[in-house]
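Each chain gets a letter, A, B and so on, in the order the sequences are listed, and its residues count up from 1.
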Number of protein chains: 2
Amino acid sequence: MVEILQLISKLQDYLRVNGLKTTKQRQIILEVFLEMDRHVTLDELLLAAQKVYPNLGMATIYRTMRLFVEASIAHERKFDGGITRYEPANEGEHHDHLICTLCGHIFEFEDEIIEERQESIATLYGLSITDHKLEIYGTCITPDSCEFRGN
Amino acid sequence: MVEILQLISKLQDYLRVNGLKTTKQRQIILEVFLEMDRHVTLDELLLAAQKVYPNLGMATIYRTMRLFVEASIAHERKFDGGITRYEPANEGEHHDHLICTLCGHIFEFEDEIIEERQESIATLYGLSITDHKLEIYGTCITPDSCEFRGN
DNA sequence: GTAAGTGCAAAGCCTTTGCAAGAGG
DNA sequence: CCTCTTGCAAAGGCTTTGCACTTAC
């Protein structure tokens, strides 16, 4: 839970430095965001936040999540299907995703070898990497890990 | 240009097998699609097709490109920025993309090592891969390959 | 008090769809 | 002919924006 405190103070810093304000809505959205599963959608965030603060509007969710991305406490992910999802941005880590197209489960992984290959390839083409995205889509073959198949 | 003929006959087969029709619009869109740069957008296709057939509507472009994807002669790519692009689908090949965020240039590459690692990772998590997507974003460091920097 | 933030509704994109008219097999 | 297609315009999603009101500092 140390990471959570880090994210909270990171946001505080960002707000202070940029002359922005700590509002009730931002606090609630942050709490809800950190408590929920990783890879939440804006709809899910809205529903959860409205349980605490019913008047909260979708526009505020959009604006707040954009703020969180700018403050580097959240990452935006657009997987196939066009739904945008957000995940907490933990300290300098980078990971990629495996997505089960049956149950929708999203696994995260890190792979040093792939990262290195990417660097080599980028160098070969004369590019300096700023970001990358690797998504593997597949179907669970072990029932135990696939919610869709009756667990 | 052998691939082009392959794609044309692949489409013919698909139409025949499914009881669909060869229309002037489909022929024009296919020609334009194959002549244009890889990774075209629907707007670009519309403009180009309208030079040959002014009445052609955007809905037809959408429906036709969806048809091409179903017939496996085109692949749909959604890079960052939310613009959907299409590229001709050549025979069983798979490649990934390097994208320069300055000039917009898109490079294609294939990497056996990365493909293998992906298989291993999927197996580790109990998934059977159906598809994957690897996009590396960066900035050109060699002026010669970056249109944005004055070539 | 003043600038920033919020909620609502309206407007913007891109994409899909319903429908009457048109064209291919 | 009979079905598939087309073009247009309308409708759908998701996301952004304008504006008057409210709140934090």
*Asks:* Would one find a side-chain N or O of A:Thr60 under 4.0 angstrom from OP1 or OP2 of C:dT6?
*Replies:* no
*Asks:* Return the value, rounded to whole Å, for the distance between atom CG of A:Asn18 and atom P of C:dG5.
*Replies:* 10 Å
*Asks:* Does A:Arg16 come within less than 4.0 Å of A:Asp13, counting only side-chain N to carboxylate O?
*Replies:* yes
*Asks:* Phosphate oxygens OP1/OP2 of C:dT15: is one of them under 4.0 Å from a side-chain N or O of B:Thr84?
*Replies:*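 Indeed, a polar side-chain atom of B:Thr84 lies that close.
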*Asks:* What heavy-atom pair brings A:Ala71 and A:Leu11 nearest, and what distance separates the two atoms?
*Replies:* CB-CD1, 4.1 Å
*Asks:* Whole Å only: how far is the OH atom of A:Tyr53 from the P atom of C:dT6?
*Replies:* 9 Å
*Asks:* Grab the CD1-C1' distance between A:Ile83 and D:dC14 for me, whole Å please.
*Replies:*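 Taking CD1 of A:Ile83 and C1' of D:dC14, I get 10 Å after rounding.
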*Asks:* For residues A:Glu110 and A:His95, is any side-chain donor paired with an opposing acceptor at under 3.5 Å?
*Replies:*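 A:Glu110 vs A:His95: no donor-acceptor pair found between side chains.
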*Asks:* Restricting both atoms to N or O, compile the protein contacts to nucleotides 23-25 of chain C shorter than 3.5 Å, with distance only.
*Replies:*
residue: C:dG24; atom: N2; partner: B:Lys21; partner atom: NZ; Å: 3.1
residue: C:dG24; atom: N3; partner: B:Lys21; partner atom: NZ; Å: 3.2
residue: C:dG25; atom: OP1; partner: B:Thr22; partner atom: N; Å: 3.4

*Asks:* Please report the distance, rounded to the nearest Å, between CD in B:Glu70 and P in D:dT5.
*Replies:* 11 Å
*Asks:* Test salt bridge (charged side-chain N to carboxylate O under 4.0 Å, His left out) on B:Lys78 and A:Asp80 and set out the steps.
*Replies:* CA-CA 8 Å; B:Lys78 298 191 183 207; A:Asp80 281 1; over 6 Å; no
*Asks:* Give the C-alpha distance, both sets of side-chain angles, the deciding distance and a yes or no for salt bridge (charged side-chain N to carboxylate O under 4.0 Å, His left out) between A:Arg66 and A:Glu76.
*Replies:* CA-CA 9 Å; A:Arg66 191 202 292 157; A:Glu76 195 181 81; over 6 Å; no
*Asks:* Which one of B:Phe79, B:Tyr137, B:Phe109 satisfies the ring-ring contact (aromatic ring centres under 6.0 Å, His included) criterion with B:His97?
*Replies:*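 Passing option: B:Phe79.
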*Asks:* Do any N or O atoms of the protein come closer than 3.5 Å to N or O atoms of nucleotides 16-21 of chain D, and which pairs are they?
*Replies:*
residue: D:dG18; atom: O6; partner: A:Arg63; partner atom: NH1; Å: 3.4

*Asks:* Which whole-number value in Å describes the distance from B:Leu42 CG to C:dT16 P?
*Replies:* 9 Å
*Asks:* Mind calculating the distance between CZ (A:Arg77) and C1' (D:dC14) to the nearest angstrom?
*Replies:*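 It works out to 20 Å between those atoms.
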*Asks:* Assigning hydrophobic clusters by single linkage (Ile, Leu, Val, Met, Phe, Trp, Tyr; side-chain heavy-atom cutoff under 4.5 Å), is A:Val69 placed with A:Leu7?
*Replies:* yes
*Asks:* C:dG7, OP1 or OP2 - any side-chain N/O from A:Gln25 closer than 4.0 Å?
*Replies:*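 It does, given that an N or O in the side chain of A:Gln25 lies less than 4.0 Å from OP1 or OP2 of C:dG7.
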*Asks:* Please report the distance, rounded to the nearest Å, between CD in B:Gln50 and P in D:dT6.
*Replies:*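 These atoms are roughly 14 Å apart.
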*Asks:* Taking atom P of C:dT15 as reference, at what distance in whole Å does atom CE of B:Met65 sit?
*Replies:* 12 Å
*Asks:* Does B:Glu135 come within less than 4.0 Å of B:Arg77, counting only side-chain N to carboxylate O?
*Replies:*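 Salt bridge: no.
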*Asks:* Any donor-acceptor pair under 3.5 Å linking the side chain of B:Thr64 with the backbone of B:Ile61?
*Replies:* no
